[in-house]
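Written out below as structure tokens is the structure these notes cover.
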Amino acid sequence: QYYRALLDRQEPFARVLTAKHTPRGLLYLSRSAVPVFDAAGRFEGYRGTVRDVTSTLAAASEARRGEVTLRELAAQVPGMLFGIEEHPDGRAGYPFVSDGAERVLGMAAATLQADALTFFRHVHPPDLAPLGKALAEGAARLTRLEHSFRMTLPDGSLRWFEMRAAPTRLGDGGTLWHGFTADVTARKAIEEALQAHEERWQIAADAARIGIAEFVLADGLVNLDRR
């Protein structure tokens, strides 16, 4: 009915989608046309094109189903899955960001995809240059990235994050990263506490002039420190 009403208006139209039952099954057709009038201005009909877009629509539908599946799987991961495209002219974008961005960073996936620099604006200033260097070196050598850094989140909290990603080269010479970012603040706190404990132990051992020996069960060796 919509297509018939469109024809009755005797106006140009483009890429109007219609369905048609044929011996091959149901086909989806994209129609474009302009009206034709005779010398007296009387409407004679339409001149245009018809294109079979059945396979195109099927592929798009399959891609949407695949994206839904990916997002459902990503929702189960305690972190943020992402894809970053870096182009030779300096442009960058996120073709994919999982909904974990909201949970981990306090930022909506749509916000990060709308402006790729949003993520990097929240990186703690002293950590921004090392992160950029790690990404640049990984892109140049096509080597995997494992890098820890701090971010100031929208709520004002300062948290530790770890990014792990693998690069692939794009046709235009740019780089596509597929990776994962997770909050590792708790792990960093444990590591720092252990480091502080080790430093205090070393200071105490130095003050008491106590030597430290380590017995390695695997090979039966005894390691002695400098004392």
Side-chain angles (χ1 to χ4, degrees), residues 1-77 80-103 105 107-122 135-136 139 142 154 165-181:
Q1 292 179 350
Y2 170 77
Y3 183 53
R4 173 52 59 186
L6 193 65
L7 295 177
D8 291 342
R9 290 208 295 266
Q10 301 178 11
E11 296 175 349
F13 58 86
R15 294 186 294 276
V16 174
L17 188 65
T18 62
K20 182 177 182 180
H21 290 278
T22 73
R24 294 165 48 197
L26 182 63
L27 298 182
Y28 290 96
L29 306 175
S30 176
R31 303 174 185 266
S32 299
V34 295
V36 177
F37 300 91
D38 63 14
R42 290 185 294 268
F43 176 69
E44 291 187 329
Y46 283 91
R47 180 183 298 113
T49 61
V50 177
R51 186 163 61 94
D52 184 350
V53 294
T54 307
S55 59
T56 301
L57 291 178
S61 177
E62 185 63 27
R64 284 193 296 271
R65 283 196 295 270
E67 182 174 348
V68 169
T69 300
L70 177 59
R71 288 198 174 277
E72 289 175 346
L73 291 173
Q76 307 306 314
V77 176
M80 180 187 80
L81 299 181
F82 64 84
I84 301 178
E85 286 183 347
E86 297 177 329
H87 299 281
D89 61 4
R91 290 180 300 111
Y94 285 94
F96 175 78
V97 178
S98 73
D99 293 335
E102 181 76 44
R103 182 174 62 254
L105 302 178
M107 291 178 258
T111 299
L112 295 176
Q113 289 184 289
D115 182 1
L117 295 180
T118 299
F119 179 91
F120 296 96
R121 291 191 190 102
H122 286 270
L135 285 166
L142 290 183
T168 55
R169 190 69 72 219
L170 297 173
D172 64 356
T175 306
L176 173 62
W177 291 91
H178 287 110
F180 172 79
T181 297

Would you indicate whether the side-chain heavy atoms of Phe119 and Phe82 approach each other to under 4.5 Å?
no
Check the pair Leu135 / Phe120 against side-chain contact (heavy atoms from CB on, under 4.5 Å), numbers first and verdict last.
CA-CA 12 Å; Leu135 285 166; Phe120 296 96; 3.9 Å; yes
Minimum heavy-atom distance Glu86-Trp177, with the two atoms named
OE1-NE1, 3.2 Å
Please name the pair of heavy atoms, one in Leu112 and one in Ala101, separated by the smallest distance, quoted to 0.1 Å.
CD1-CB, 3.8 Å
Would you say His122 and Leu105 make side-chain contact, with heavy atoms under 4.5 Å?
no
Point-to-point distance, once rounded to the nearest 0.5 Å, from OG1 of Thr111 to OH of Tyr94
12.0 Å
Check: Tyr46 and Gln10 side chains under 4.5 Å, non-hydrogen atoms
yes
Are any of the side-chain heavy atoms of Pro154 and Met107 separated by less than 4.5 Å?
yes
For a quick test of your reading: what N or O donor-acceptor pairs under 3.5 Å do the side chains of residues 165-174 make, sequence neighbours left out?
from   : atom 1 : to     : atom 2 : distance (Å)
Thr168 : OG1    : Leu176 : O      : 3.3
Arg169 : NH1    : Ala139 : O      : 3.1
Arg169 : NH1    : Thr175 : OG1    : 2.8
Arg169 : NH2    : Ala139 : O      : 2.8
Asp172 : OD1    : Gly174 : N      : 2.8
Asp172 : OD2    : His87  : ND1    : 2.7

Is Ser32 reaching over with its side chain to a backbone N or O of Ala14, donor-acceptor style, under 3.5 angstrom?
no
Please check if the number of heavy atoms outside His178 that lie under 6.0 Å from its NE2 is greater than 12.
no
At their closest point, which heavy atom of Ala109 faces which heavy atom of Val97, and how far apart are they?
CB-O, 3.6 Å
CZ/Arg47: more than 12 non-hydrogen atoms of other groups inside 6.0 Å
no
Do Phe13 and Arg31 have side chains that get closer than 4.5 Å, going by heavy atoms?
yes
Taking every heavy atom of Ala116 against every heavy atom of Ala92, the minimum-distance pair comes out as CB-O, 3.5 Å
